[in-house]
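To keep things clear, I will list the structure first and then write my remarks on it.
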Amino acid sequence: MKIAVIGTGYVGLVTGTCFAETGNQVICVDIDKAKVDKLSSGKITIYEPGLEKLFLRNQKENRLQFTTSLAEGIKDAQVIFLALPTPPGEDGSADLKYILGVAKDLGALIKEGDYKIIIDKSTVPVGTAAKVEKALLGNGGIAGTFDIVSNPEFLREGVAVDDFMKPDRVVIGTSSEKAKKVLSDLYGPFVRQGNPVIFMDEKSAELTKYAANSFLATKITFMNEIAQLCELLGADVDMVRKGIGSDERIGRRFLFPGIGYGGSCFPKDVQALAKSSNEVDYSFKILEAVMDVNEKQKLHLVPKIKAYFKGDLKGKKIAVWGLAFKPNTDDIREAPALYLIEAFLAAGAAVATFDPEAMSNVKQVLGDTITFVESQYDALKDADALVIATEWSEFRTPDFNKISSLLKNKAIFDGRNLFDLKQMEDLGYHYVSIGRRAILQS
């Protein structure tokens, strides 16, 4: 099948590469010439485990190509995926200008006698499929030459290739029997083990994506609230997590407390669903609470760190391990680490930081206001305390003797609960984590 993917961001590049991997001919379109040139020369533009291997293989086999020309990209394509950004506006609603702008352009390009399936792959508010159709028809689009489909992605950064190649489910919103047949064939190789392709109406498909991400964000936030309560009552959130996670109605996933969720999806989607609810005069009170708690949770460690230094961070050096919003990605959008760093700088502290993948992205945001180092231990030299903001695997079993020799104070503030409490106590650390007993050293 010949496929066009409009947009070569995270979703577009994973989508295009994985469809090419199953033998389809894919052309990815982007207006950013520098990015297209880079991709065409075999240089991948995002970090995602496992993606580069597939990207290079399918380029070599000429199944994956890139262009800046929308007309060239869609010319022979039967299926067109819109994988365009939908950034939040000032009021929290998703900004559809990129999607509707491309839809308008497609209206002028799709000719009579053609038939193309135009698919919203981006996360979009309920009613977007109808708006895309209206944009096409309003700029010369001919009824009957296209169908509009909602096909939301459920990719987790860090395991997106596996998520695409072996999906839990594929959600497709369409009323067109013709589109259903084409997309059943397209997704057939990905669901051979029997995972469902679920057909529904367009609005239900659009809402499904928002509902899924908002529920997961709520689950994380609930555990962060439980962690706060554990600290006040003297309970251990790890024990509570294991106790409730063994209940199959609840499940074990998304129950780990920390310093809040971040990334490109959860913050934006929760905000957009709350805004969509307000637009129909419904107050989604749970989501309002989720957003409020999460914003506060990002800075949960700051007063604890200030208390350790008797309320004054001026002249202190804080080492920060981890910048990405989660491990196995270079995505720093809404990353809790950035909120912590801003708080440290505002309090007069200096910051030295290390992240395996995300430092170049943070440099573009923070420039030379903080120090970037080559290894996790380099960040500790002459530092007054260590803060852990991202749970990269290499941070889980560090050389504690080396840490002790480099830090001025044996003080660790762990936003991801990486270390065992007894071990930290035995080693003589001042160790503060989330929802667990604090080990306090003078």
Side-chain angles (χ1 to χ4, degrees), residues 11 82-101 103 119-135 138 148-156 168-175 196 198-226 228-229 244 249-251 253-255 257 260-298 325 333-334 336:
V11 173
L82 305 183
L84 295 155
T86 54
E90 290 184 7
D91 62 354
S93 61
D95 188 342
L96 298 177
K97 65 182 178 183
Y98 300 109
I99 288 176
L100 297 181
I119 300 175
D120 285 329
K121 197 68 174 169
S122 308
T123 302
V124 294
V126 174
T128 298
K131 292 180 180 179
V132 170
E133 181 176 21
K134 184 178 179 180
I148 308 298
V149 174
S150 175
N151 173 218
E153 51 84 16
F154 297 96
L155 305 178
R156 295 169 295 162
D168 293 332
R169 78 292 201 196
V170 177
V171 172
I172 298 174
T174 183
S175 56
I198 305 170
F199 288 101
M200 59 184 72
D201 63 276
E202 296 88 342
K203 288 183 177 180
S204 295
E206 291 164 344
L207 184 55
T208 295
K209 174 59 188 290
Y210 277 133
N213 277 354
S214 295
F215 179 80
L216 294 175
T218 301
K219 196 173 181 183
I220 292 169
T221 304
F222 177 81
M223 282 309 296
N224 284 334
E225 290 270 68
I226 291 293
Q228 298 262 16
L229 193 58
I244 67 173
R249 295 170 302 173
I250 296 171
R253 299 174 68 183
F254 291 90
L255 291 182
Y261 61 77
S264 62
C265 294
F266 286 7
K268 175 173 66 71
D269 294 353
V270 171
Q271 192 177 31
L273 183 54
K275 181 63 170 63
S276 294
S277 301
N278 290 335
E279 289 173 352
V280 292
D281 296 322
Y282 182 76
S283 177
F284 211 137
K285 294 179 181 178
I286 291 176
L287 294 189
E288 297 292 342
V290 166
M291 290 186 287
D292 180 57
V293 170
N294 192 63
E295 285 304 300
K296 294 174 181 175
Q297 192 70 18
K298 291 174 182 178
F325 85 94
R333 286 172 285 186
E334 295 296 317

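On a predicted model such as this, the values are computed, not experimentally measured, just so you know.
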- Name all residues meeting the side chain to side chain contact (heavy atoms under 4.5 Å, CB included) criterion together with Ser122; count only those two or more places apart in sequence or in a different chain, and write none if there are none. Leu84, Thr86, Ile99, Val124
- Item | Test salt bridge (charged side-chain N to carboxylate O under 4.0 Å, His left out) applied to Arg156 - qualifying residues, sequence neighbours left out | Asp163
- Message: Nearest 0.5 Å, please: how far is CG in Leu229 from CE in Met223?
- Response: 11.0 Å
- salt bridge (charged side-chain N to carboxylate O under 4.0 Å, His left out) filter on Lys209, not counting sequence neighbours, yields Glu153
- Message: Quick one, Lys268 and Thr123 - any side-chain contact, counting heavy atoms below 4.5 Å?
- Response: yes
- Which of these, Pro152, Pro125, Ser277, sits in a side-chain contact (heavy atoms from CB on, under 4.5 Å) with Tyr210? Pro125
- Sorted by chain and residue number, the salt bridge (charged side-chain N to carboxylate O under 4.0 Å, His left out) partners of Glu133 (sequence neighbours excluded) come out as none
- Output all residues satisfying side chain to side chain donor-acceptor pair (under 3.5 Å) with Asn278, sequence neighbours left out; order by chain, then residue number. none
- Message: Going by the rule salt bridge (charged side-chain N to carboxylate O under 4.0 Å, His left out), which residues pair with Glu225 if we only count those two or more places apart in sequence or in a different chain?
- Response: none
- Message: Tell me whether Phe154 at atom CZ has more than 12 heavy atoms from other residues, nucleotides or ligands lying less than 6.0 Å away.
- Response: yes
- Query: Hey, are the side chains of Phe266 and Val290 touching, using non-hydrogen atoms and a 4.5 Å cut-off?
  - Reply: no
- Message: How long is the straight-line distance from OH of Tyr261 back to CD of Gln297, given to the nearest 0.5 Å?
- Response: 11.0 Å
- Closest approach of Pro88 to Gly92 (non-hydrogen atoms, all atoms of both residues): CB-O, 4.4 Å
- For the residue pair Asp120 and Val149, establish whether any side-chain heavy-atom pair is separated by less than 4.5 Å. no
- Query: So, the side chain of Thr221 versus the backbone of Ala217: is there a donor-acceptor pair under 3.5 Å, distance only?
  - Reply: yes
- Query: Crowded around Phe254 CZ? As in, over 12 foreign heavy atoms under 6.0 Å?
  - Reply: yes
- In this structure, OG1 of Thr218 is separated from CD1 of Ile286 (nearest 0.5 Å) by 6.5 Å
- Query: Of all residues at least two apart in sequence or in a different chain, which pass the side chain to side chain donor-acceptor pair (under 3.5 Å) check with Lys131?
  - Reply: none
- Pairing residues for Asp292 by the side chain to side chain donor-acceptor pair (under 3.5 Å) criterion, not counting sequence neighbours: Lys296
Please report, to 0.1 Å, the donor-acceptor pairs under 3.5 Å made by any side chain of residues 168-175, with sequence neighbours excluded.
from, atom 1, to, atom 2, distance (Å)
Thr174, OG1, Ser176, N, 3.0

- Task: Could you tell me the separation between the CG atom of Leu287 and the CZ atom of Phe215, rounded to the nearest 0.5 Å?
- Result: 12.0 Å
- Task: Nearest 0.5 Å please: distance from the NZ atom of Lys203 over to the OG atom of Ser150.
- Result: 12.5 Å
- Could I get the full list of side chain to side chain donor-acceptor pair (under 3.5 Å) partners for Glu206, not counting sequence neighbours? none
- Query: Nearest heavy-atom pair of Ser264 and Arg333: which atoms, and what distance?
  - Reply: CB-CZ, 3.1 Å
Could you list the donor-acceptor pairs under 3.5 angstrom formed by side chains in residues 269-276, with sequence neighbours left out?
from, atom 1, to, atom 2, distance (Å)
Asp269, OD2, Asn213, ND2, 2.7
Lys275, NZ, Asp91, OD2, 3.4
Lys275, NZ, Glu279, OE2, 3.0
Ser276, OG, Ala272, O, 3.0

- How many angstroms lie between atom OG of Ser204 and atom CD1 of Ile198, to the nearest 0.5 angstrom? 11.5 Å
- Task: Assess whether atom NZ of Lys134 is packed by more than 12 heavy atoms of other residues, nucleotides or ligands within 6.0 Å.
- Result: no
